[in-house]
Structures are given as structure tokens and as C-alpha cells.
2 protein chains.
Amino acid sequence: MATDTRTRILDASAALLARQGYNATGVKQIVTEAKAPFGSVYHHFPGGKQEIGAAAVVISGKLYEQLIPAVFDNTPDLPTGVRWFFNGAAQHLVETDFADACPIATVALETASTSEQMREACAAVFNSWIAAGSEMQQTRGGLSPESARRLTIAMIAALEGAFVLARAQRSVEPLEVAGELVAEAAEREQSLGQRAVSRAPASDETSG
Amino acid sequence: MATDTRTRILDASAALLARQGYNATGVKQIVTEAKAPFGSVYHHFPGGKQEIGAAAVVISGKLYEQLIPAVFDNTPDLPTGVRWFFNGAAQHLVETDFADACPIATVALETASTSEQMREACAAVFNSWIAAGSEMQQTRGGLSPESARRLTIAMIAALEGAFVLARAQRSVEPLEVAGELVAEAAEREQSLGQRAVSRAPASDETSG
DNA sequence: GTCTATACTTTGATAGAC
DNA sequence: GTCTATCAAAGTATAGAC
């Protein structure tokens with residue numbers, strides 16, 4: 001059984017938005033790529049381009065989120081995982097001739113001030129990444145919820161910004177530098193966290 | 001004397017590209033905003049939209065670059081300057097309702113794989129920022145050229161990525177977290193650099 | 001539900017009068 | 001060098017046959 005029309009439209013949209021951004025991707029291009037009749041778009045997505053875009057962003061976000069456990073579940077420690085993460089991103093960037101970086105960053109910047117529906121979809125994706133990364137860093141790094149959240153946000157921000165520089169300069173240097181910055185921060189946080197854990201099993205809620 | 005047509009076109013383009021990105025900004029919108037006749041665009045910029053965009057990006061880049069000395073020339077030390085820099089960016093973001101972040105990041109992502117002319121213009125701007133930041137950090141922080149370059153790239157990357165998250169989430173939290181990460185890295189680098197300086201006035205060219 | 005044809009707008013760009 | 005008129009193509013969205 002082949003995938004249905006709706007799924008093909010979303011998959012094609014996710015791929016096009018990731019590579020071209022929101023404004024450069026036309027509905028006509030989407031249906032051509034999805035091998036779908038034009039009218040089907042507005043049958044499955046009455047909200048038009050914005051509704052397609054928002055749904056496609058969420059799909060890309062869920063796929064990309066799987067990279068977090070895929071990388072960090074096999075790492076000996078947190079800083080090593082961070083280095084793997086940035087190295088893997090750099091390698092993928094080179095393999096795709098600096099085309100495939102973050103699937104939603106371009107869309108997020110384009111639509112942040114022009115489409116509330118798209119902005120909220122992108123924000124939801126970033127929040128899910130932060131939640132997934134924070135939980136991973138608490139489990140694998142022994143970090144407190146607050147430290148894990150902060151380190152995760154810093155990691156995502158450093159990665160996103162390094163992507164911007166790397167694609168413009170066609171160089172992985174920004175990814176190497178940003179990755180090392182975050183990895184060293186992870187080293188300090190992890191040693192602090194593990195020390196805290198070995199001293200006091202639960203520093204919070206001692207009075208509750 | 002009022003500004004001439006060419007200058008008005010470039011100023012209007014720089015403002016529109018910063019807020020809307022490249023693909024959302026039309027040539028017709030530019031001439032309307034610049035109060036210029038439509039045909040003038042192709043008289044002054046035979047290369048069309050790409051030539052206007054490339055020139056406007058360079059102008060925005062030079063303006064934004066002035067923020068580096070404006071902030072760091074008055075700071076007591078490097079880490080404080082880093083915190084001022086991120087705090088100022090956060091404040092400006094809130095004041096503009098999360099519209100004005102980096103004037104070229106959106107354009108850079110949009111055009112990195114579709115217009116070599118635009119990509120090179122953005123890359124040139126980023127390189128000029130890295131050069132200016134590196135020189136500042138060598139002068140004010142006592143960092144080696146290599147350390148200064150790496151810390152500057154990390155600072156710009158962290159700022160750019162924090163902008164992406166902040167605009168999508170309409171929150172300055174990413175700027176606070178990313179800024180603190182870079183500031184703490186600057187603290188370590190500066191103490192290392194100044195120690196090296198006080199031990200050996202000129203570690204390089206000792207044999208020349 | 002599927003698919004075609006089309007309406008209407010806007011795009012980047014050009015020609016040519018002045 | 002200024003400005004208007006216009007082009008061909010692409011944009012999103014809709015109507016309506018099947």
C-alpha cells in the first residue's frame with residue numbers, strides 16, 4: 001500500500017521547507033513533489049499554506065528529536081555525547097553540501113513575526129527538543145532539572161547559530177568551536193552534578 | 001540635501017531584509033518604502049534583487065559591527081562585556097516585540113543554498129564580525145589570536161542561535177542562558193590569557 | 001474525495017517616452 | 001537619470017465537473 005495523499009503532501013512539504021524555507025516554497029511545488037493533484041491540498045488542509053507548513057514543521061521536529069536519544073544513549077558520558085552530536089551535524093552538513101542543517105530554523109526566523117500559527121508550531125518543536133534534552137541530561141549526566149534545562153537550551157542555541165555561520169561560510173569551523181564550548185560546559189556541569197548527587201541524594205524537597 | 005535615490009533604496013532594503021528576510025521582501029515594496037520610482041532600481045542596480053540584497057546586507061553588517069566596540073570599549077573586563085552584549089540584545093528584542101534580532105541571519109539561511117552572490121555577502125559580513133571581535137578580545141582580554149577567534153565565533157554562534165529560539169518562543173530566556181555560557185567561557189579564557197601574558201610578554205616570535 | 005481548470009494577485013524584470 | 005506602462009511567470013486560493 002502506497003502512502004496516502006495527505007502523508008505525501010506533508011513529507012514533501014517537510015523536505016522542501018527544510019531546504020528552501022517557508023517563503024521560497026510554493027504550494028504548486030509541494031503538490032508536484034508529492035505527486036498529488038492541486039485541489040487535494042485544500043481538501044486536506046483547508047487552512048492553506050500555513051496549515052501545511054505548521055503540520056510539516058511538527059513532523060520534521062519529531063524526526064529530528066529522535067537524534068537526541070540516538071546519539072546520547074550510546075555515549076560514555078555527557079561531554080562526549082555533545083561532541084558526537086556536533087561532529088555528526090558537521091559531517092551531515094558536508095555530505096549534503098551545506099544544505100541540510102536544522103529543518104525548521106529558516107522557517108522559524110521567516111515566520112516569527114508574520115504568522116502566529118507558524119511561530120507557535122516552531123516554538124512547540126523547540127520546546128519538545130528542550131524537554132527531551134533536559135530529561136536526557138538529568139538521566140545520563142546527573143544534572144539538576146534547572147541545570148539540565150539551561151545546558152540543553154545553550155546546546156541547541158549554539159548548534160543553531162553555528163549552522164547559520166557554517167552554511168554562509170561553507171565551513172564546519174563554527175560547529176567545531178561551538179561544540180567544544182558546550183562540551184566543556186557539560187564537563188563542568190556533570191562533575192558538579194555528580195558531586196552534588198553523591199553528597200545529597202535529593203537536595204530539593206527536603207522540607208516537604 | 002536629501003539622501004539620493006540609491007542610498008534610500010539601500011537603506012529601505014536593509015530595513016526590510018532585516019525584518020522580513022529575503023524572499024518575503026519584494027522589489028516593489030522596496031521602491032515604495034524608499035519613495036523611489038520603480039525603474040530607478042534597475043538603473044542603479046542592474047543585477048536586480050540579488051545585487052540590492054547583497055549591498056544591503058553589507059550595509060547592515062557594518063552598522064551592526066559597530067556594536068562591538070560600542071559595548072566592549074566601556075566594559076571593565078571581557079566577561080562583563082559579554083553579559084552586556086547579550087543583555088542589550090535581549091532588551092532590544094523585547095522593545096521591538098521580538099522583531100529586530102540579527103539583521104542578516106534570516107537572509108543568510110534563506111540564500112545559503114540558492115544564491116551564491118547573497119551567500120558570499122553574508123559570509124563576508126560574518127567574517128568582518130569575527131575579525132573585529134577577535135581583535136577586541138586580544139586587546140581587552142589578553143587572549144591569543146587563536147583563542148580570541150574561537151571565543152568570538154562561539155559568541156556570535158550562541159547569539160545567533162539564541163535569537164532563533166527567542167523569536168520563536170517570544171522569550172529572552174535563550175539569550176540569558178547562552179550569554180551566561182559564553183561569559184563563563186570568557187572568564188576562563190581571560191584568566192588563562194592574562195596569566196600567560198604576565199609570564200611571557202611575547203610568546204610568539206621569540207626566535208625572530 | 002479526486003482532480004482540472006481557472007480566477008485573481010503579485011512577482012522580478014524590461015521597454016521606451018521624457 | 002526619472003518615471004510609467006507593461007510583460008511573462010509564479011504566487012495562493014477557489015469553483016465545479018466527475
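Everything numeric here is computed off the predicted structure, so don't read it as measured data. Atom set for the values below is all heavy atoms of this structure, side chains included, hydrogens, waters and symmetry mates excluded. Chain identifiers are assigned alphabetically (A, B, ...) following the order of the sequence lines, protein sequences preceding nucleic acid strands; residue numbering begins at 1 within each chain.
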Among all residues two or more places apart in sequence or in another chain, which pass the side-chain contact (heavy atoms from CB on, under 4.5 Å) test with [X]?
X      : answer
B:T139 : B:E135
A:S115 : A:Q50, A:T111, A:Q117, A:M118
A:A105 : A:C102, A:E160, B:L109, B:V164
B:T5   : B:R8, B:I9, B:A36, B:S40, B:H44

Donor-acceptor pairs under 3.5 angstrom involving side-chain atoms of residues 168-175 of chain A: please list them, not counting sequence neighbours.
residue	atom	partner	partner atom	Å
A:Q169	NE2	B:N127	OD1	2.6
A:R170	NH2	A:D97	OD1	2.5
A:S171	OG	A:E173	N	3.0
A:E173	OE1	B:R149	NH2	2.8
A:E173	OE2	B:R149	NE	2.8
A:E173	OE2	B:R149	NH2	3.4

Listed pairs, N/O of protein and of nucleotides 1-4 of chain C, under 3.5 Å:
residue	atom	partner	partner atom	Å
C:dT2	OP2	A:H44	NE2	3.3

Checklist entry - Closer than 4.0 Å, any side-chain N/O of A:Y42 to the OP1 or OP2 of D:dA13? => result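 Answer yes for this pair, as a side-chain N or O of A:Y42 is under 4.0 Å from OP1 or OP2.
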Next on the checklist: Please list all pairs meeting side chain to side chain donor-acceptor pair (under 3.5 Å) that have one or both residues in residues 80-94 of chain B, counting only residues at least two apart or in different chains.
Outcome noted: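 Found B:D77-B:T80, B:R83-B:E180, B:R83-B:E187, B:Q91-B:E95.
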Item to check | Residue pair A:R140 / A:D73: nearest heavy atoms and the distance that separates them | outcome: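 Reported closest heavy-atom pair: NH1-O, 3.9 Å.
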Checklist entry - Who are the side chain to side chain donor-acceptor pair (under 3.5 Å) partners of A:E33, not counting sequence neighbours? => result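 Residues passing side chain to side chain donor-acceptor pair (under 3.5 Å) with A:E33: none at all.
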Checklist entry - Can you list every ring-ring contact (aromatic ring centres under 6.0 Å, His included) pair that touches residues 53-83 of chain A, not counting sequence neighbours? => result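 Qualifying pairs, neighbours excluded: A:Y64-A:W129, A:F72-A:F85.
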Item to check | Summary of ring-ring contact (aromatic ring centres under 6.0 Å, His included) pairs that have at least one residue in residues 140-182 of chain B, sequence neighbours excluded | outcome: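 Passing the test, one end in residues 140-182 of chain B: no pairs.
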Checklist entry - Heavy atom of residues 107-118 of chain B under 4.0 Å from DNA chain C: which residues? => result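 Residues of residues 107-118 of chain B that come under 4.0 Å of DNA chain C do not exist, since none gets that close.
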Next on the checklist: Under 4.0 Å, heavy atom to any atom of DNA chain D: which of residues 10-28 of chain A qualify?
Outcome noted: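 Those residues are A:T25, A:G26, A:V27, A:K28.
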